[in-house]
Amino acid sequence: MTSHPLLEQLNDKQCAAVGAPERHMLVLAGAGSGKTRVLVHRIAWLMQELHLSPYSIMAVTFTNKAAAEMRGRVEDLVGSSTRAMWIGTFHGLAHRLLRAHYMDVGLPQNFQILDSDDQQRMLKRIMRSLNLDEKRWSPKQAQWFINAKKDEGLRPHHLDGYDFNERTYKEIYDAYQVACDRAGLVDFAELLLRAHELLRDNRIVREHYQRRFRHLLVDEFQDTNSIQYAWIKLLSGAGEEKKEHQNFVTIVGDDDQSIYGWRGAKIENIHQFNRDFPNVETIRLEQNYRSTNTILSAANSVIANNSDRLGKELWTEGSTGDPIDLYAAYNEIDEARYISSQIEAWHEQGNALQDVALLYRSNAQSRVLEEALLHARIPYRIYGGLRFFDRQEVKDALAYLRLLANRDDDAALERVINTPTRGIGARTLDIVREGARQRGTSLWLAAKQLATEKVLTGRAANAVLAFVDLIEQLEDETGDYSLGRQVDTVIKSSGLMAMYQAEKGEKAETRVENLKELVNACDNFDQLDRPGEEEELSPLNGFLAHAALESGDEQADEHQDAVQLMTLHSAKGLEFPLVFMCGVEEGLFPSQQSLDEAGRLAEERRLCYVGMTRAMQKLVISYAENRRVYGQEKLHTASRFIAEIPSENLHHVRMQSRRSFSTDTPSYGRFHTGASHEAFEETGFQLGQRVRHVKFGEGTVLNYEGSGPQSRIQVNFDDLGSKWLVVAYARLERC
DNA sequence: AGGATATAGATTTTT
DNA sequence: TCTATATCCT
């Protein structure tokens with residue numbers, strides 16, 4: 001292949017993928033192998049070399065962030081607009097399809113999207129109305145059930161309902177769907193399912209898109225669920241007879257980084273792809289441009305313990321690098337302190353804090369880490385908190401807007417009919433709900449009718465009518481306002497702003513700020529600036545869709561130099577020079593629950609692989625031998641994943657560095673107040689160490705008091721439980 | 001309507 | 001142990 005500007009600075013494998021002739025392709029892209037680069041260059045190649053119009057290309061991702069990055073990089077590369085290209089998330093593109101064909105799928109033009117919080121509230125109401133035993137059936141489980149079925153492409157009538165549980169869930173699913181349909185509401189799973197049904201059942205629509213999209217590219221393919229895969233298959237026309245058009249699908253993914261099986265991702269889709277699509281060329285990207293050799297060989301060794309892999313081994317031309325530090329902490333506080341001391345050392349050597357990531361298995365672990373960072377005055381940022389459009393006050397405001405856009409939106413009405421309180425209590429609402437149920441109408445209409453027909457009387461009727469008036473008047477008044485001004489008026493006239501202003505405390509102040517920020521966001525919301533949104537959609541509906549589908553990840557002050565804290569899951573796709581993997585203990589990572597179910601352990605191991613391969617220069621793994629879990633002190637052992645790392649790649653950190661324990665705040669921490677750690681270590685024992693007693697047998701050092709030979713030491717004996725002993729007399733042996 | 005008290009439940013997350 | 005929510009009071 002002769003050199004081409006698009007192929008410069010790519011390795012052979014990358015070139016093969018970018019410059020391939022038109023065909024189905026499976027790109028197995030290992031961590032840090034330049035996956036996005038390949039995708040972006042491939043799209044540019046299709047346009048520049050194969051002279052394809054951007055109109056005929058669709059690229060699908062899972063997150064908005066990935067979609068935005070891809071579009072930006074393609075535009076930089078080709079230097080022209082990619083507006084006609086469909087680049088987006090599965091949900092975003094499905095939404096687009098439904099908007100364009102709302103009549104074909106039986107939705108009102110102004111249908112709205114329910115996020116998972118809305119969905120849960122909706123289910124709660126429905127389950128109440130079905131008079132289900134609330135002890136036995138929870139909205140959470142019902143939500144899980146329904147979404148799982150939708151992800152499998154199943155409607156209530158597909159369920160046989162043989163067992164009692166399923167029969168009840170089926171009933172809930174049914175009632176929920178009826179309620180959503182009546183209110184013009186679509187949940188996330190429904191977006192995908194409805195779009196799938198549209199393509200499946202409507203030949204004209206399907207063929208239109210098949211003709212249009214000659215090339216389909218799917219990122220993070222290992223995370224696709226059944227309905228997403230079915231979607232791709234339909235769009236590509238795979239397996240269909242007599243086609244006058246030929247479509248090509250490129251999937252990019254890494255089976256070793258599939259960590260979302262628990263929410264329906266089907267790793268098997270990668271295998272299935274080879275069966276469903278003819279003449280697939282598989283290209284492996286195994287050269288890693290991120291990590292040191294040490295980190296890669298450790299990660300390779302760990303993942304090698306999984307079976308059924310497509311097979312891939314990362315390598316690098318880079319240096320060996322430092323060994324992986326392994327710190328066996330006495331407890332979680334010790335672990336956090338060790339980490340913060342290491343970060344201080346890193347920072348003092350002139351390195352940036354934002355280059356450091358602390359990764360943990362579960363969110364609950366962040367608290368202790370935060371305390372230690374706070375104490376050491378190290379700034380930090382936690383990834384994946386509550387997002388802007390998910391905040392209570394913002395959702396309240398949006399619910400008013402939704403009601404303006406669509407009076408039938410029962411979920412929105414329920415949320416704000418008495419927020420702020422306007423004398424419409426539970427009793428009145430019950431009557432309205434019942435009325436709506438009997439008449440088969442929306443809550444809005446029922447409320448209005450019941451109040452006018454004097455079914456509701458006195459104060460209740462007046463309150464309901466006042467609410468009805470408020471909404472109708474708001475629509476009249478703000479109908480031709482700019483979006484920002486409209487929202488501003490709604491927030492003020494509804495009394496929302498006043499309600500939050502009346503509350504006191506820091507929390508209330510932020511809420512007021514957030515409401516103002518929402519007005520700001522509306523002012524800055526420019527639909528014309530949004531590629532792929534050229535279909536007619538009112539500014540209000542455009543903004544509501546934006547809020548539901550892109551709930552706004554980036555928080556403020558992200559430019560401050562700060563350590564990043566996040567779960568292993570949210571670290572996927574990111575990289576950091578220095579990475580700490582914390583709490584690498586049996587029962588925590590792999591998690592206890594994953595040990596019970598087949599296949600889950602392998603996913604935990606992939607998660608470990610993902611975590612390790614985030615590190616560029618240095619990886620530090622730590623675990624605590626004692627950890628408080630739900631208030632209970634528990635003994636933990638090192639995770640099996642640690643034993644899967646070759647010992648030549650590991651460096652066992654034996655002792656605390658001196659400075660890490662020079663803390664002068666005695667109240668900090670639960671243990672060893674008074675004596676210093678160093679003084680204790682003079683006794684020859686360490687916290688967490690295994691010891692043997694002539695009579696009591698073997699045990700682990702838990703705690704100590706005092707220093708020198710007179711110090712007392714607490715040992716948790718394997719057979720007898722914990723005992724306090726005086727070091728000088730106990731004649732303990734190390735073992 | 002709001003404040004105090006009981007009780008369950010507690011991986012992982014994007015859209 | 002901590003938290004979110006449900007229920008019970010006033």
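Residue numbers begin at 1 in each chain, while the letters A, B, ... track the order of the sequences. Below, all heavy atoms of this structure are taken into account, side chains as well, without hydrogens, waters or symmetry copies.
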- Item | Distance, rounded to the nearest Å, where A:K135 contributes NZ and B:dG9 contributes P |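 It is 10 Å, rounded to the nearest whole Å.
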Using a heavy-atom cut-off of 4.0 Å across all strands, would you classify [X] as base, sugar-phosphate, or nothing?
{"X": "A:K572", "result": "nothing"}
{"X": "A:S591", "result": "base"}
{"X": "A:F62", "result": "sugar-phosphate"}
{"X": "A:Y260", "result": "sugar-phosphate"}
{"X": "A:D187", "result": "nothing"}

Options [options], nucleotide nearest the side-chain atoms of [X]:
{"X": "A:E604", "options": "B:dT11, C:dT5, B:dT15", "value": "B:dT11"}
{"X": "A:T421", "options": "B:dT12, B:dT14, B:dA1", "value": "B:dA1"}
{"X": "A:S362", "options": "B:dT12, B:dA10, C:dT5", "value": "B:dT12"}
{"X": "A:H569", "options": "B:dA1, C:dT1, B:dT13", "value": "B:dT13"}
{"X": "A:W262", "options": "B:dT15, B:dT11, B:dT13", "value": "B:dT13"}
{"X": "A:T89", "options": "B:dT15, B:dT13, B:dA10", "value": "B:dT15"}

[N] base to [X] side chain: any donor-acceptor pair below 3.5 Å?
{"X": "A:R361", "N": "B:dT12", "result": "yes"}
{"X": "A:S116", "N": "B:dT15", "result": "yes"}
{"X": "A:R600", "N": "B:dT11", "result": "yes"}

- Task: For B:dT12 versus C:dT5, give the span between their P atoms, rounded off to a whole number of Å.
- Result: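 About 16 Å, rounded to a whole number of Å.
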- Angle class for the A:Y169/A:F145 ring planes (parallel below 30°, perpendicular above 60°, tilted otherwise)?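 Because their plane-to-plane angle is under 30°, the rings of A:Y169 and A:F145 count as parallel.
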Under 4.0 Å: is that the gap between some side-chain N or O of [X] and OP1 or OP2 of [N]?
{"X": "A:R628", "N": "C:dC2", "answer": "no"}
{"X": "A:N363", "N": "B:dT11", "answer": "no"}
{"X": "A:N64", "N": "B:dT14", "answer": "no"}

- Heavy atoms, side chains only, cut-off 4.5 Å: are A:R628 and A:K634 in contact?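 No, too far: nothing below the 4.5 Å cut-off.
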- Task: Tell me yes or no: between the side chains of A:K507 and A:Q392, is some donor less than 3.5 Å from an acceptor?
- Result: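 No, no side-chain donor-acceptor contact under 3.5 Å.
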- State whether a side-chain donor-acceptor pair under 3.5 Å links A:S116 with A:Q119.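 Looking only at side-chain atoms, A:Q119 and A:S116 do not form any donor-acceptor pair under 3.5 Å.
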- Please determine which of A:R402, A:R415, A:R511, A:R391 meets the salt bridge (Lys or Arg N to Asp or Glu O under 4.0 Å) test together with A:D396.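 Only one of A:R402, A:R415, A:R511, A:R391 forms a salt bridge (Lys or Arg N to Asp or Glu O under 4.0 Å) with A:D396, namely A:R415.
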